[in-house]
Trainee: 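For reference, the structure I am asking about is given below.
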Amino acid sequence: MAAGLLPKNAHYVKAFGTLGAEVLAATANRTPRRAALFYATDDESAKATAERLIRTAGFDPVKAGGLADAGRIEAPGGDLDQYGSGGEVVDLAQATAAVHDASH
């Protein structure tokens, strides 16, 4: 995992990898249902920064879990990436439900 290659004091978040570039561009600031973007981290200060960046980019941030859960949002094969969602871009309610369903 990439986090293991970083210095001990580094802050690490896995984000902006769940949607392809074309989909990111086409769905930023979508209305009426804003698109969600997943991220994963174990670092609270990195979480705040990631959420701010995701909102600024035009999406609702949804934490998929800690770094141990990062595989869920990494393509190919993650259940929370664009292709694991059948190509569908999800909104906040759908994203939150997907994270919750998988944790139970």
Side-chain angles (χ1 to χ4, degrees):
M1 176 182 291
L5 302 173
L6 299 173
K8 296 286 183 209
N9 61 346
H11 300 278
Y12 184 79
V13 176
K14 171 62 181 161
F16 291 98
T18 60
L19 300 175
E22 290 127 9
V23 175
L24 281 169
T27 60
N29 298 305
R30 181 177 79 171
T31 60
R33 293 179 12 224
R34 193 167 160 117
L37 197 60
F38 296 104
Y39 71 94
T41 190
D42 294 321
D43 183 314
E44 285 301 310
S45 65
K47 171 186 173 184
T49 300
E51 287 186 355
R52 187 175 67 250
L53 290 170
I54 290 168
R55 282 190 187 97
T56 300
F59 299 89
D60 284 329
V62 177
K63 186 174 181 186
L67 292 181
D69 301 301
R72 297 184 67 203
I73 62 176
E74 293 176 342
D79 67 317
L80 298 179
D81 76 351
Q82 174 185 348
Y83 305 102
S85 302
E88 181 182 0
V89 176
V90 296
D91 64 19
L92 181 60
Q94 293 167 310
T96 302
V99 169
H100 180 268
D101 290 347
S103 66
H104 287 87

Trainee: Which heavy atom in Val90 sits nearest to a heavy atom in Ala95, and how many Å separate them?
Mentor: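 For Val90 and Ala95, the tightest heavy-atom pair comes out as CG2-CB, 3.9 Å.
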Trainee: Tell me the closest heavy-atom pair linking Ile73 and Ala40, and the distance in Å.
Mentor: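 That would be CD1-N, 3.9 Å.
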Trainee: Report the residues that fulfil side-chain contact (heavy atoms from CB on, under 4.5 Å) with Ala21, sequence neighbours left out, ordered by chain and then residue number.
Mentor: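 Here no residue qualifies.
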Trainee: Among Leu80, Asp69, Leu19, find the one that has a side-chain contact (heavy atoms from CB on, under 4.5 Å) with Phe38.
Mentor: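 The passing option is Leu80.
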Trainee: Give the minimum heavy-atom separation between Thr27 and Val23, together with the two atoms involved.
Mentor: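 Between these two residues, the closest heavy atoms are OG1-O, 2.7 Å.
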Trainee: Considering all heavy atoms of both residues, which atom of Val13 and which atom of Ala50 are nearest to each other, and what is their separation?
Mentor: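 That closest heavy-atom pairing would be CG1-CB, 3.7 Å.
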Trainee: For residues Tyr12 and Asp43, determine if any side-chain heavy atom of one lies less than 4.5 Å from a side-chain heavy atom of the other.
Mentor: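 SC-SC contact between Tyr12 and Asp43 ruled out.
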Trainee: Donor-acceptor pairs are to be reported for all side-chain atoms of residues 53-63 against protein atoms at under 3.5 Å, with residues two or more places apart or in another chain.
Mentor:
{"from": "Thr56", "atom 1": "OG1", "to": "Arg52", "atom 2": "O", "distance (Å)": "2.8"}
{"from": "Asp60", "atom 1": "OD1", "to": "Arg34", "atom 2": "NE", "distance (Å)": "3.4"}
{"from": "Lys63", "atom 1": "NZ", "to": "Thr41", "atom 2": "O", "distance (Å)": "3.3"}

Trainee: Tell me yes or no: between the side chains of Thr49 and His11, is some donor less than 3.5 Å from an acceptor?
Mentor: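 Judged by distance alone, the side chains do not pair up.
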Trainee: Among all residues two or more places apart in sequence or in another chain, which pass the side-chain contact (heavy atoms from CB on, under 4.5 Å) test with Arg30?
Mentor: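 Here the qualifying residues are Arg33, Ala35, Val89, Asp91.
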